[in-house]
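One structure below.
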Amino acid sequence: AQSVAQPEDQVNVAEGNPLTVKCTYSVSGNPYLFWYVQYPNRGLQFLLKYITGDNLVKGSYGFEAEFNKSQTSFHLKKPSALVSDSALYFCAVRGGTSTSGTYKYIFGTGTRLKVLA
Amino acid sequence: NAGVMQNPRHLVRRRGQEARLRCSPMKGHSHVYWYRQLPEEGLKFMVYLQKENIIDESGMPKERFSAEFPKEGPSILRIQQVVRGDSAAYFCASSRHPWAGEDNEQFFGPGTRLTVL
């Protein structure tokens, strides 16, 4: 069964420091991996995705994520955090095979990022 | 190209009333997905529709919930006789293609926040 785990409910980081939000996944076939951000009372905004190719994916607002197949991880990173990055971050996986249910996005439970000034 | 539109953005209903949530997919997209986000949780898949067809409703409660995507007009998620536990954010997503593929990506709307009093 496909699943996504975000082991940290909350991550606190000082402004200007690097940040990492963790995500591990379990999926049959090639994974399609996504990161979304949700600001209070807003919808999901797409940050970046990994489909194939380079393991380091660059996305919006200076975020990047590294796909690690051996560790089945897709951690979100940013070299220098901003207070405005404070939000709820969701990792999602979609199965990349043609079996039934490949269109379903499986979301993690979210990690609240708090960047302290 | 306008994104996925959802209305209303906020909906308040009393227990026992009906809630109707609307979703207009992106132009050129004929596949619609509904997700529910309970407070402090990730998004959970509810139903996948193509025009005039329900493809997968495995995530939808068996009673009181229904969805449609008519040939003309928006997709509707209908909740009859709402209860307090239905209070959540309901997100719609759309895609151009149904199957996994590099260009098949779900784009999310801003969500409808349903509050049941």
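Values below: all heavy atoms of this structure, side chains included; hydrogens, waters and symmetry mates excluded.
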Practice prompt. Check B:Ile79, B:Leu11, B:Leu43 against B:Tyr90 for a side chain to side chain contact (heavy atoms under 4.5 Å, CB included) and give me the one that passes.
Written response: B:Ile79
Worksheet item: Under 6.0 Å from the six-membered ring centre of A:Phe63 and within 45° of its axis: does the NZ or CZ of A:Lys78 meet both?
Response: yes
Fill in: Partners passing side-chain hydrogen bond (donor to acceptor under 3.5 Å, both in side chains) against B:Trp34 (at least two apart in sequence or in another chain)
B:Ser75
Worksheet item: Can you name the side-chain hydrogen bond (donor to acceptor under 3.5 Å, both in side chains) partners of B:Gln6, sequence neighbours left out?
Response: none
Worksheet item: In terms of side-chain heavy atoms, does A:Asn12 have a donor or acceptor partner in A:Gln10 at a distance below 3.5 Å?
Response: yes
Worksheet item: Are B:Arg13 and B:Asp86 close enough, and set up right, to give a salt bridge (Lys or Arg N to Asp or Glu O under 4.0 Å), and what steps lead you there?
Response: CA-CA 10 Å; B:Arg13 285 287 177 267; B:Asp86 296 333; over 6 Å; no
Response to the item:
Looking only at B:His10, B:Gln37, B:His31, B:Arg9, the option with the highest number of non-hydrogen pairs under 4.5 Å against chain A is B:Gln37
Discussion item. Sub-4.5 Å heavy-atom contacts with chain A: which residues of residues 108-117 of chain B show up?
Written reply: B:Phe108, B:Gly109, B:Pro110, B:Arg113
Response to the item:
Honestly, the part of A:Gln45 sitting under 4.5 Å from a heavy atom of chain B is neither
Fill in: Pairs satisfying salt bridge (Lys or Arg N to Asp or Glu O under 4.0 Å), at least one member in residues 4-32 of chain A, at least two apart
none
